[in-house]
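Here the structure comes first, spelled out in structure tokens, and everything after it is commentary.
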Amino acid sequence: PIDTKPYADSALWLVYAVTKQLKESGDMELLDRTVEFYDGGSATVLEHLLRAVAFSWKKRGRDGLCLIKFGDWNDSLTRVGIKGRGQSVWLTMALARALLELKDLALHLGDTKLAGSLSRRHRSLTKAINRAAWEGDRYVRCIDDNGRSVGSKRNKEGKVFLNAQSWGVLSRAADDRRFARALATADAMLLTKLGYKLLDPVYTKYDPSIGRITSMQPGIAENGTVYSHGNAFMILACLEMGRPDKAYEIYKRVMSCYEAVPQQVTGAVPYTVQNCYNGPEHRARPFRVEYSWITGSVGWFYLSVLEWMLGVRSEYSGLRIDPRLPSTWDSCRVARHFRGMIFDVSIERRQGAEGTTVVLNGEQIDGTLIEPARCKRRNRVDVLIP
């Protein structure tokens, strides 16, 4: 069923889903397919994508950040923008990443004019993010109707939010220095035995300028749980920034099969991924599972581990081999299905290796991109990494 509440982030997920599908399938004809709009009319898939980012680009506030409206990914931030002026830092970061995705698509299509326009918009957004939201050791989460920062060191509660720190990287607003500082703040204030809480300190009294999240019990839902989706974003951020050991540490904490906290406490079974665990401030059942089986995080965990940790990543022109293994791993194997072919990939760490070496069906290739045209139905890939 269609949810007609005006969440500000809904359109952007289309960009991530479609560009991922295009990289995986190579079916660029999908972009020319005509699809109806929910409220009437129709356009090509490509036009849908461009309208999605244009919509968010146009709906920005006085700091150049996207308007939050009824809420964004965190749909309990219900009153930050109730008067139409509140801005979302996270949403601006999500738009910035979507612009990068479309820029890469435009370059693949040979449309350098569109790619240049998207790139300029991206630079404008990252400048606005760092100007309005960076506090020296964290990114604030949003700015309310009255210009007050939420997720700021100046707040009494909710001083730091997890997603603004990870998406600082995913948007490419944060460089190495900023991410190191933001990660240190997240470790100091948010990290638990089971992974990162969504925010800290938890809200204990209602704030009418923030909304529903502040009326929730501490340690429930968005008010300070260890939320799997938020941890998945941080794992991906660490991998993209070349921090596989940190990514693996977070992964082992949040996955129930590793038993960072005994099953008798969490209630988690080892073959499921949880929506979240109650936060440590929960008054009755700290770290108890909330909504086992129901989570949007599974795809993000899968993508992070397969494409960035194991490093077997789909791109428009082929399969990129770019492993970022934890330092405790000397080798691993993965069978990767890609465009009707199977790739049996063996990755081995070898002292003295210079960069990544890729051998396809017994022949070393130049670089790390495997082009589909030179592949068989089933392929063996041997990879050496330092």
Side-chain angles (χ1 to χ4, degrees), residues 15-28 30-31 97-110 115 118-119 122 169-172 176 232-233 235-248 251 299-327 329 331-350 353-386:
V15 175
Y16 301 130
V18 174
T19 55
K20 189 68 218 159
Q21 169 67 9
L22 292 171
K23 292 174 186 176
E24 195 69 22
S25 68
D27 178 17
M28 306 307 289
L30 173 65
L31 291 170
R97 186 174 178 91
L99 288 168
L100 288 179
E101 289 287 356
L102 289 182
K103 183 198 78 170
D104 289 345
L105 175 60
L107 288 173
H108 181 71
L109 297 174
L118 294 166
S119 184
H122 176 265
V169 166
L170 300 181
S171 67
R172 298 299 182 262
D176 288 338
F233 293 149
I235 289 169
L236 180 58
C238 288
L239 288 168
E240 289 192 6
M241 291 296 281
R243 294 172 176 254
D245 286 345
K246 185 63 177 178
Y248 190 41
Y251 183 82
W300 289 88
F301 284 124
Y302 180 78
L303 180 145
S304 297
V305 172
L306 176 65
E307 296 215 329
W308 287 93
M309 187 178 288
L310 301 179
V312 187
R313 183 165 63 251
S314 61
E315 295 185 359
Y316 294 116
S317 299
L319 198 62
R320 179 71 63 184
I321 309 297
D322 179 28
R324 304 183 183 191
L325 303 186
S327 60
W329 292 16
S331 63
C332 64
R333 295 181 62 188
V334 57
R336 178 66 154 93
H337 294 246
F338 180 68
R339 300 186 189 177
M341 297 172 284
I342 299 174
F343 294 82
D344 295 309
V345 184
S346 297
I347 305 168
E348 182 179 344
R349 193 187 304 278
R350 183 169 297 179
E354 296 183 6
T356 299
T357 301
V358 179
V359 178
L360 173 65
N361 297 323
E363 182 178 346
Q364 183 173 334
I365 67 172
D366 293 330
T368 59
L369 180 70
I370 297 177
E371 298 174 355
R374 63 186 302 178
C375 298
K376 307 173 183 177
R377 174 69 181 84
R378 187 159 199 138
N379 302 272
R380 176 175 175 175
V381 183
D382 297 294
V383 186
L384 291 180
I385 62 172

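Quick note: residue numbers are just sequence positions, from 1. Just so it is clear, the model here is predicted, and its values are computed rather than measured.
When all heavy atoms of Tyr16 and Ala98 are compared, the pair lying nearest together is OH-N, 3.6 Å. Looking at every heavy atom in both residues, Leu319 comes nearest to Val312 through CD2-CG1, 3.7 Å. Ser171 approaches Leu100 most closely through the heavy-atom pair O-CD1, 4.1 Å. Scanning both residues, Ala106 and Ala115, for their nearest heavy atoms gives CB-N, 3.8 Å. Between Arg324 and Leu239, the shortest heavy-atom distance links the atoms NH1-O, 2.8 Å. Across Phe233 and Leu170, no two heavy atoms sit closer than the pair O-CD1, 4.1 Å.
To the nearest 0.5 angstrom, Asp382 atom CG is 9.0 Å from Asn361 atom CG. Leu369 contributes atom CG, which lies 11.0 Å from atom CG of Asp366 (distance to the nearest 0.5 angstrom). Going from atom OH of Tyr248 over to atom CG of Leu325 covers 10.5 Å, rounded to the nearest 0.5 Å. Here Leu236 contributes atom CG and Met309 contributes atom CE; the two are 10.5 Å apart, rounded to the nearest 0.5 Å. A distance of 12.0 Å separates CZ of Arg97 from CG of Leu102, quoted to the nearest 0.5 Å. From Leu384, atom CG reaches atom CD1 of Ile347 across 10.5 Å, with rounding to the nearest 0.5 Å.
Residues Ile385 and Trp329 fail the side-chain proximity criterion, which asks for heavy atoms closer than 4.5 Å. Leu105 places a side-chain heavy atom less than 4.5 Å from the side chain of Met28. The shortest side-chain heavy-atom distance between Asp322 and Thr368 does not fall under the 4.5 Å cut-off. Between Arg336 and Val381 there is no side-chain heavy-atom pair separated by less than 4.5 Å. Side-chain contact between Lys103 and His122 is absent, with no heavy-atom pair separated by less than 4.5 Å. Counting only heavy atoms from C-beta outward, the side chains of Asp104 and Thr19 never approach each other to under 4.5 Å.
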Determine, stepwise, if the pair Arg350 / Thr357 fulfils side-chain contact (heavy atoms from CB on, under 4.5 Å).
CA-CA 11 Å; Arg350 183 169 297 179; Thr357 301; over 6 Å; no
Glu363 and Arg374: CA distance, side-chain angles, deciding distance, side-chain contact (heavy atoms from CB on, under 4.5 Å) verdict:
CA-CA 11 Å; Glu363 182 178 346; Arg374 63 186 302 178; 3.9 Å; yes
Pair Leu109-Leu31, side-chain contact (heavy atoms from CB on, under 4.5 Å): steps then yes or no
CA-CA 11 Å; Leu109 297 174; Leu31 291 170; 3.9 Å; yes
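Arg377 contributes a side-chain N or O that, together with a main-chain N or O of Gly340, makes up a donor-acceptor pair within less than 3.5 Å. Formation of a donor-acceptor pair under 3.5 Å by the Ser304 side chain with backbone atoms of Trp300 is found in this model. Formation of a donor-acceptor pair under 3.5 Å by the Arg349 side chain with backbone atoms of Pro386 is found in this model.
A side-chain hydrogen bond (donor to acceptor under 3.5 Å, both in side chains) with Asp344 is found for one member of Arg380, Arg378, Arg333 and no other, namely Arg378. Of the candidates Arg320, Arg339, Glu307, Ser314 forms a side-chain hydrogen bond (donor to acceptor under 3.5 Å, both in side chains) with just one, namely Glu307.
Taking the ring axis of Trp308 as reference, the NZ or CZ atom of Arg313 stays within 45° of it and closer than 6.0 Å to the ring centre.
Using cut-offs of 30° and 60° on the angle between ring planes, the pair Tyr316 and His108 is parallel.
Checking Ser327 against Asp245 by side-chain atom types alone, a donor-acceptor pair falls below 3.5 Å.
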